[in-house]
Structures are given as C-alpha cells and as structure tokens.
Amino acid sequence: MVKIKIDGVEYEVDEKKNLIDATKEVGVEIPYFCYHPALSIVGMCRMCLIEIEGVPRLQAACNTPVKEGMGIITKSDRVKEARAGTMEFLLANHPLDCPVCDKAGECRLQDNAFGSGTGHSRFEFDKRNIPQEEIGTNLIINHNRCIVCYRCVRFEEEKVGESNLGLFERGNHSIIGLAKSEPIDHNYQGALADICPVGALLNNKTLFKSRVWWYKSHKSVCHGCSTGCNVTTNVRDNKMYRYMVRENYDQGMFFLCDKGRFDLDWMNENRLHSYLDHGTASTSKEVISKIVDRMKSAKAIVVLGGAHESNETLETLKKGFESISRELGGKSIQWESRVTDAQNKDTEQVDFLLTKDNHPNTRGAIDLGITTQSGISGIISAVKSGVIDLVIVLKESIPEGIDASKVIVFDTNLTDAAKNASLAAPIQIFAETAGSFTNKNGLKQNFEQSMNAIKGLQSASGVVDLIFQKLSERMEASVGNS
C-alpha cells in the first residue's frame, strides 16, 4: 500500500493498481470508456484524463501506475474542459436514439454525457449513417453508435483467442467490422455486447425484450457449469429475463459465457407444477403415499444427482434421507451426486470459462460426502441385478440401463425423466430460494432469491420432509394399533 493525494485528500491505495482502479477503491470515480480491468490498456478514448502534480500535460489515468507521494487532480477546470471536449467529439456523430436503444439506462455514454458533457453540441452537419449489420449468430452491430473503444477487438483476441473483429478505415470513416467472411459463432457473443460501453453491440435474443429499469435485480451465481461466474439476475413479472455479469475483482470474474447467460427459458417455461403418477397428473397426497409405500417395500434405495441444488438444500436433504433410513429400520439409502463423466474427473475446460461439468455444485456435493465408492456405473449394475430396487433421481436424466418403473423423479420441469418415471414430484429451482454453490476451485459463493415459487411448490428437501412426515405418521399409527 502507498499514500497518494487525490484532489488534496490523502488516501492509502494499492500500489499494484492503476489510477482508475485505485481511486475507485476509495470512492473517487474517474470516467472512462475503453479501459477494462481484465483487458490490455490502449488509452484510446481519452476520457480518463487527469492532472498529476509536477507533470505539465494531462495524463490518461488508465495507463498511469500508482506511486508513493503522487498527487492527482480529477476535478479541476482543465480536466473538466478536456473531458467535455472528448464527449463533444464522441457525440458529434452519435445518433440521438436513446429512447429506442437497448442499452438505455445502463449506457456509459449516457452517464458520462451527463457527468462530463456540456449539454449542447456545436456539430451542425449531417451525422454519418451506416446500415446496421448482423455480424454473429446472435450479434448485431450498430455502427452509428460505436465510439471505437476497441474493447470488443481486445476481448476476442485476448480472452476468446479469435480475431473476428477489426478496425477499418480512418478518421470519421472508422468502423469496427468483421475481419472474416464468416459470422461470429463462439460462446462469448453475449460478453461482446456486455463489454460494449454503448449500444453498438446487441444480442438478438434479448433485443427489445424489456427496459432495464423494469427489472428487479439480485446477486446470484451462474448455474451453467462448475466455474460459478458471479451474475446479477434481471427478473420482471416473476420471469427470469437475463443474466448480467457481476464483476468480482478479488476472484478475477469479469465475463460470462453464452451457455450460462442465455440458458434461462427453462426457468420460465415447461415447469413441473403437478405431482405425476406414471406421467399423469395426480395429487401430492396420493404420490407421497405411494412413494412411502415404495420405500417401505424396497430392498435398498439409491439417490442420484443433487449437484444442481444449493449447499443448504443438500445438507437438509442429507439429514432428511438419514432420518428416513432410520425410520425404515436402517434400510440402506446410498447417494451418488456424480452422474456424468465430467463430474468424476478433474475439471476440464471447454474454453477459458466454460467447463465440461454442467453442474454448479458438484464440488459442494462432494465436500458433503454425497458420493459412493462404486460410482454411477456400480449403481447401475446394482439396479440391473436387483440389489437396488428403488432409484430417486434429483433433476437429472434417468441413466441408461435403469428401468423407469424403478425410478422416482424430483424435477423442476416437465422433462422426459419426469414423464417416464413411475412417480414424479415438482420442486423449486435454485433461483426461487437463497443459498450457495461451491465452484470447481472450492470457493463457496452465496446467491440471493431472485424469483418467487408458486404457492405450495416445495424445494427438494421440502418434498423429502413431506415423505418423512407421512412415513413417521404411518409408523406411529402402526405402533398405536399393536
């Protein structure tokens, strides 16, 4: 840590950081466009100009490291005039289409125009007009809004490892465009739109769906894989509309892949809200009673899955199944959370964020001891041989080779597993509760409740509690009648 003066006030800041990040840490904001903490520094936008005591010219804060005893000025008339000039140049050709732009309400250009602009423009000529283009399978570029910050180009080259975009032409004719004949087709088109500080890059999947000020936002963790990227959920009318990146400087989390970002429809559609008996809607009373009867008559029970559930739900489930086992006279209830090959191996990356394990809480389940020595292959063999004759599947597909008549499914959606199983119970999705996931590195991260479950819909642990209540009720009745 070193001591520096910011606008005459002394602060202690991290000497490893540049001035933008160091000042932000102590509550002083320096405006910028092209800078990003996870990308290389280019100093293209000139928005972050500041004065440094003893240096005659204004300096860009993004490429200025912190030094002991440094004195900087961020609010002098000279600095304000320079920033206002930068904004005037940027807005000279920028269209006045904020009312129809998807970025409105979270646009850095809007923020800096209000914070550092002059309120009027001296530009009296016709603004340039370049047709909008589809440059990806889920990516649009509006050239008129682009401020040539170069973030998208740097992100692709430095993080994705591809060079699909480039800067073409010069001066007033400069545009960001495709450097190849094929459209962009990688897993980070949403990230490209996300890091664009204006409304130049947009995703087709979210275009014109909602205004940002209509959302209710909550802190959450991406469910798409075991990386556990930090996200902000945007919910409207109790429907999940989108995930946005929640930057975590300490863990180096700044981006989100498309698989996690856009895998949201299942939260809003095709939900399982009825108990099923051989694929036909039934009542909770009837299905819970049949589950109890099946458990009582079973020789041995196995639970498969659970790595989609939070740590807190898993802990309660584990205690619930242990209680049921005792109530059944010590009947064996095994639990294997690892149902895919990827869960049984060391973490394998698909790209720089996405892993092959599409479960958000495999590590949490393993840490809780929800595993077996034989693994999923051993369990399937035991079911085939008849040693295990009742299988409870938690939000997973029924493993190949297991007779669906031996299966009870707990699921959030009306999946093939729920339809084919002998009995099925509806459960809440993780976003309808608060809890935590443990990512591939053992980092436990909390998430808030984002949506409200329909009345009467239980969590997976709530269903197990209903089973235990029914089971103990019958046991008590049998004891009372003896």
Side-chain angles (χ1 to χ4, degrees), residues 21 24-25 36-38 159 187-188 190-191 194-195 215-235 240-264 266-267 305-318 337-338 340 342-343 345-371 394-395 412 427-453 459-461:
D21 289 336
K24 187 176 183 178
E25 219 173 51
H36 191 285
K159 298 298 179 182
N187 193 30
Y188 291 92
D194 212 12
I195 63 172
Y215 293 132
K216 292 182 179 178
S217 300
H218 300 87
K219 294 178 181 178
S220 191
V221 177
C222 180
H223 66 276
C225 77
S226 60
T227 299
C229 296
N230 290 184
V231 299
T232 298
T233 59
N234 289 159
V235 175
M240 187 70 72
Y241 271 71
R242 65 175 188 171
Y243 276 175
M244 295 296 284
V245 170
R246 178 164 55 92
E247 293 184 347
N248 185 333
Y249 281 70
D250 294 335
Q251 299 299 327
M253 294 182 181
F254 298 100
F255 307 110
L256 187 64
C257 77
D258 288 357
K259 182 184 181 298
R261 184 189 296 270
F262 297 117
D263 181 29
L264 305 176
W266 66 274
M267 297 189 188
H308 289 292
E309 301 290 344
S310 68
N311 288 311
E312 291 70 23
T313 298
L314 290 178
E315 287 177 16
T316 310
L317 277 170
K318 187 177 180 182
S337 58
R338 301 167 299 178
T340 64
Q343 289 178 286
K345 299 176 181 177
D346 291 336
T347 302
E348 294 180 296
Q349 296 291 143
V350 176
D351 50 46
F352 83 99
L353 283 182
L354 181 65
T355 69
K356 289 186 178 181
D357 180 8
N358 61 357
H359 299 77
N361 204 25
T362 297
R363 180 66 178 270
I366 292 171
D367 289 347
L368 275 171
I370 306 173
T371 57
L394 299 178
K395 194 172 167 51
T412 58
I427 57 174
Q428 298 173 1
I429 61 174
F430 79 97
E432 291 168 339
T433 61
S436 66
F437 290 143
T438 304
N439 78 350
K440 61 183 182 182
N441 299 319
L443 177 66
K444 190 175 181 179
Q445 301 181 110
N446 295 323
F447 57 84
E448 299 174 343
Q449 180 180 340
S450 301
M451 302 167 67
N452 296 317
S459 64
S461 57

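Annotation for Glu312 and Gly435: closest pair OE1-CA, 3.2 Å, computed over non-hydrogen atoms. Here the closest heavy-atom approach between residue Asn452 and residue Gln449 is recorded as OD1-NE2, 3.2 Å. Heavy-atom minimum distance, Val245 versus Phe254: CG1-O, 3.3 Å. The minimum heavy-atom distance linking Pro360 with Cys222 is given by the pair CB-O, 4.1 Å. Nearest heavy-atom pair, Leu256 versus Leu353, reported as atom, atom and distance to 0.1 Å: N-CD1, 3.9 Å. Pairing each heavy atom of Val235 with each of Met240, the nearest pair is CG2-SD, 3.8 Å.
To the nearest 0.5 angstrom, Leu443 atom CG is 5.5 Å from Met253 atom CE. Rounded to the nearest 0.5 angstrom, Lys219 NZ and Asn230 CG are separated by 9.5 Å. Remark: Thr347 OG1 to Asn439 CG distance equals 8.5 Å, nearest 0.5 Å. Taking CG of Asn311 as the start and CZ of Arg363 as the end, the distance is 11.0 Å to the nearest 0.5 Å. In this structure, CH2 on Trp266 lies 5.0 Å from CD1 on Ile429, to the nearest 0.5 angstrom. Thr438 OG1 to Ile366 CD1: the interatomic distance, rounded to the nearest 0.5 Å, is 10.5 Å.
At distances below 3.5 Å, at least one donor-acceptor pair connects side-chain atoms of Asp258 with backbone N or O atoms of Gly190. Here the side chain of Gln445 pairs no donor or acceptor atom with the backbone of Val221 at under 3.5 angstrom. In this structure, Lys444 contributes its side chain and Ser436 its backbone to no donor-acceptor pair below 3.5 Å. Not one N or O on the side chain of Thr227 forms a donor-acceptor pair closer than 3.5 Å with the backbone of Cys229. Ser337 places a side-chain N or O within donor-acceptor distance of the main-chain N or O of Ile370, the cut-off being under 3.5 Å. In terms of modelled atom types and a separation under 3.5 Å, the side chain of Lys318 and the main chain of Leu368 share a donor-acceptor contact. For the pair His36 (side chain) and Ala38 (backbone), a donor-acceptor distance under 3.5 Å is present.
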So Glu432 and Thr412, side chain to side chain contact (heavy atoms under 4.5 Å, CB included) or not? Walk me through it.
CA-CA 11 Å; Glu432 291 168 339; Thr412 58; over 6 Å; no
Step by step, work out the side chain to side chain contact (heavy atoms under 4.5 Å, CB included) result for Tyr249 and Lys24.
CA-CA 12 Å; Tyr249 281 70; Lys24 187 176 183 178; 3.8 Å; yes
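Here Arg261 pairs with Asp194 in a salt bridge; the nearest charged N to carboxylate O distance falls below 4.0 Å.
In this structure, the ring of Phe262 has its center no less than 6.0 angstrom from the ring center of Tyr243.
Neither side chain, Ser220 nor Ser450, offers a donor N or O lying under 3.5 Å from an acceptor on the other.
Paired with Thr362 under the rule side chain to side chain donor-acceptor pair (under 3.5 Å), one option of Gln343, Lys440, Arg338 passes, and it is Gln343.
Between Phe352 and Phe255, the two ring planes are perpendicular [angle over 60°; tilted spans 30° to 60°]. Ring geometry for His223 versus Phe430: interplanar angle of 30 to 60°, hence tilted.
Heavy atoms from other residues, nucleotides or ligands lying under 6.0 Å from NZ of Lys356 number 12 at most.
Considering only heavy atoms from C-beta on, Thr313 stays 4.5 Å or farther from Gln428 through its side chain.
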